[in-house]
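Because only heavy atoms are used, hydrogens play no part in the values below, and waters and symmetry mates are left out as well, while side chains stay in.
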Amino acid sequence: MAKTSENTNSDARIGPMLQAGLEHHRAGRLKQAEASYREVLVLAPDNGDAHNLMCGLMLQSGDSAQAIEHGRAAVQAQPDAAAFWNTLGAALRRGGDISASIEAFTNALTHDPKQPDARRNLAGTLAQAGQFEAAEKAYRGVLKDTPQDARVLVQLGNVLIASGDKNGAIGAWQNAVEVEPTLADGWINLVGGHSDSGAYDAAEQAYRDALGYGISDAGLHVNMARAELARGAMSAAQRLAETGLSIDSGHAASAVVLALTRLELGDAAGAEALARQVTAAAPGLAEAWSTLAAALERLRRPEDAIEAYEQALQVSPGDVDAGVNLADLYERTNALDRAQALVNRVLEVAPDHVSTNRIAATLARRRGDTAGGIERLMPLADRAAPPRVQKGMHFELGRLLDRDNDAAGAFQHFAEGNRIQSEGAGSRRFDPGVYREELSHSAQALTPAWIKSWQDVVATSDQAPVFLVGFPRSGTTSVSYTHLTLPTTPYV
């Protein structure tokens with residue numbers, strides 16, 4: 001128990017009352033504990049210990065307003081009690097006052113620089129506030145004294161990944177599981193970190209190692225499902241997502257990955273239905289809204305997709321992926337001003353984000369600012385990025401250089417984009433389940449009645465025009481062969 005105030009000893013009954021309250025508290029008898037603490041406060045209204053214990057109890061009961069009130073009374077009674085400032089900081093954080101919470105944890109460390117709970121709480125709250133550099137410094141300070149604290153290593157990894165240091169994060173999580181091999185959070189994050197970095201074999205090895213230590217958390221299976229989804233093993237991804245849901249039927253992340261798997265298998269309607277279930281159950285999960293938007297895009301409902309992406313950004317304004325996807329959709333639906341405004345917003349947060357700069361370059365090209373687009377994108381040509389992102393960047397550079405009459409440069413970037421695309425297709429695992437699903441959906445769509453509904457178009461003459469609409473560059477070869485086959489037919 002924390003140091004008592006002078007008023008604590010002014011009545012012989014107070015000590016036993018506090019002790020009785022603590023015993024009830026530790027046993028989980030919260031109502032009896034509260035009654036004991038309130039009896040103390042009747043006798044000594046400024047008793048810091050009783051207020052501090054009431055602050056903690058109210059936090060457990062979910063009443064952050066009462067917790068803050070008692071926490072402030074505790075530090076007013078004993079302003080040099082580091083533990084009291086720490087409890088108040090926790091109450092303020094629960095109440096949503098992050099800056100006041102940081103101030104309270106800092107005050108705790110002013111009075112006791114080694115106070116372990118306050119140091120961890122300060123680091124976590126700084127991370128919550130987006131102050132990642134300060135949070136990293138705080139976590140590293142804790143690790144100087146307790147280098148084998150696996151949970152702090154996990155939190156350090158979380159801060160590093162949030163600040164863009166993927167390798168540092170993976171290293172921290174790897175250290176965490178080496179220190180404490182049964183720590184589920186360490187393995188979950190390690191599998192996810194390898195997957196996000198494109199190191200799918202490393203993700204699979206970490207997943208298998210975790211299983212060997214008896215880890216069977218829904219998060220572990222869903223992060224491995226993301227890796228399988230990324231490398232094209234759809235059946236495996238689906239099985240792992242379903243495993244996550246079998247462990248925790250309400251695990252929203254597993255349901256989201258299952259929806260993404262259905263989308264990749266061609267079942268956009270099924271993906272939409274599942275994503276809507278997740279958004280209804282977990283409306284604060286931005287990824288669920290983005291998944292719903294992707295399904296709606298595939299169903300050719302761009303207005304509904306835009307609405308879903310906007311909801312994702314409302315839930316998580318700093319979600320760069322949702323912002324990029326929405327900006328891309330704005331551009332493709334010719335809402336260029338909205339696309340530009342969103343790109344500018346994302347670039348303020350992530351100025352070197354490759355996909356965002358690619359969209360910015362596309363918008364510049366469409367405005368006629370070819371030089372501006374080239375200037376923006378060329379420095380990023382060799383930047384490390386996922387293959388899909390690199391492919392889009394090279395194709396856009398090809399278009400820009402083609403517009404700038406640099407045929408050789410354009411060819412170089414188109415060729416590089418095609419190489420990345422070919423390598424990506426070759427590296428994806430053959431998954432018979434994907435083809436069976438695609439055939440099944442095709443069979444459902446191409447019914448005999450639908451085929452019979454088509455009518456042959458009989459040309460009135462050899463000069464009847466044929467309209468070819470919307471062919472991309474790769475379609476020009478088909479046009480050439482068609483023209484060679486029917487040389488007298490005019491094409492528009």
Side-chain angles (χ1 to χ4, degrees), residues 90 114-128 132 135-231 233 236-258 287 429:
K114 297 294 185 181
Q115 221 282 345
D117 290 338
R119 295 174 75 187
R120 291 181 178 84
N121 285 335
L122 176 60
T125 310
L126 287 167
Q128 186 177 346
F132 300 124
E136 179 187 349
K137 182 179 179 181
Y139 278 129
R140 292 195 185 280
V142 174
L143 289 169
K144 282 184 179 179
D145 295 332
T146 55
Q148 300 298 301
D149 192 326
R151 285 166 176 76
V152 172
L153 284 165
V154 168
Q155 294 300 323
L156 173 61
N158 295 346
V159 167
L160 292 171
I161 198 72
S163 59
D165 185 359
K166 289 185 178 181
N167 291 334
I170 289 171
W173 294 326
Q174 184 67 54
N175 289 340
V177 298
E178 288 173 0
V179 169
E180 190 174 334
T182 58
L183 183 61
D185 286 346
W187 288 110
I188 291 167
N189 291 356
L190 183 59
V191 172
H194 282 313
S195 176
D196 290 343
S197 299
Y200 306 124
D201 290 341
E204 183 174 357
Q205 184 60 56
Y207 172 74
R208 295 187 183 283
D209 290 343
L211 293 178
Y213 285 108
I215 308 297
S216 186
D217 189 284
L220 178 71
H221 298 293
V222 77
N223 278 353
M224 190 61 222
R226 293 183 194 280
E228 298 290 17
L229 184 65
R231 62 181 176 183
Q238 180 171 310
R239 174 179 53 77
L240 286 161
E242 289 171 347
T243 300
L245 288 171
S246 71
I247 294 170
D248 180 358
S249 60
H251 195 251
S254 294
V256 166
V257 173
L258 185 57
E287 187 185 16
R429 289 184 173 184

Output all residues satisfying side-chain contact (heavy atoms from CB on, under 4.5 Å) with [X], sequence neighbours left out; order by chain, then residue number.
X	answer
A162	F132
Q148	V179
N189	V154, N158, W173
Q128	R93, I98

How close do [X] and [Y] get, heavy atom to heavy atom, and via which atoms?
X	Y	result
A203	S195	CB-N, 3.9 Å
N121	T125	O-OG1, 2.7 Å
A135	A127	CB-N, 3.6 Å
L183	V177	O-CG1, 4.4 Å

Under a plain distance cut-off of 3.5 Å, with no hydrogens placed, do Q205 and D201 share a side-chain donor-acceptor pair? no
Donor-acceptor pairs are to be reported for all side-chain atoms of residues 244-258 against protein atoms at under 3.5 Å, with residues two or more places apart or in another chain.
| unit_1 | atom_1 | unit_2 | atom_2 | d |
| --- | --- | --- | --- | --- |
| S246 | OG | T243 | O | 2.6 |
| D248 | OD1 | G250 | N | 3.0 |
| H251 | ND1 | S254 | N | 3.3 |
| H251 | ND1 | S254 | OG | 2.7 |

Residues pairing under ring-ring contact (aromatic ring centres under 6.0 Å, His included) where one sits in residues 175-206, two or more places apart or in two chains, turn out to be W187-Y213
Could you name each residue pair satisfying salt bridge (Lys or Arg N to Asp or Glu O under 4.0 Å) that touches [range], not counting sequence neighbours?
range	result
residues 236-246	none
residues 142-161	K114-D145, R119-D145, R120-D149, R151-E180
residues 157-175	none

Sorted by chain and residue number, the salt bridge (Lys or Arg N to Asp or Glu O under 4.0 Å) partners of E136 (sequence neighbours excluded) come out as R140
The reported gap from CG in L190 to CG in D185 (rounded to nearest 0.5 angstrom) is 12.0 Å
d(L229 CG, Q238 CD) to nearest 0.5 Å is 10.5 Å
For residues 220-227, run the donor-acceptor check on the side chains, cut-off 3.5 Å, and write out each pair with its distance to 0.1 Å, sequence neighbours left out.
| unit_1 | atom_1 | unit_2 | atom_2 | d |
| --- | --- | --- | --- | --- |
| H221 | ND1 | Y207 | OH | 2.9 |
| N223 | ND2 | I188 | O | 2.7 |
| R226 | NH1 | E287 | OE2 | 2.6 |
| R226 | NH2 | E287 | OE1 | 3.1 |
| R226 | NH2 | E287 | OE2 | 3.4 |

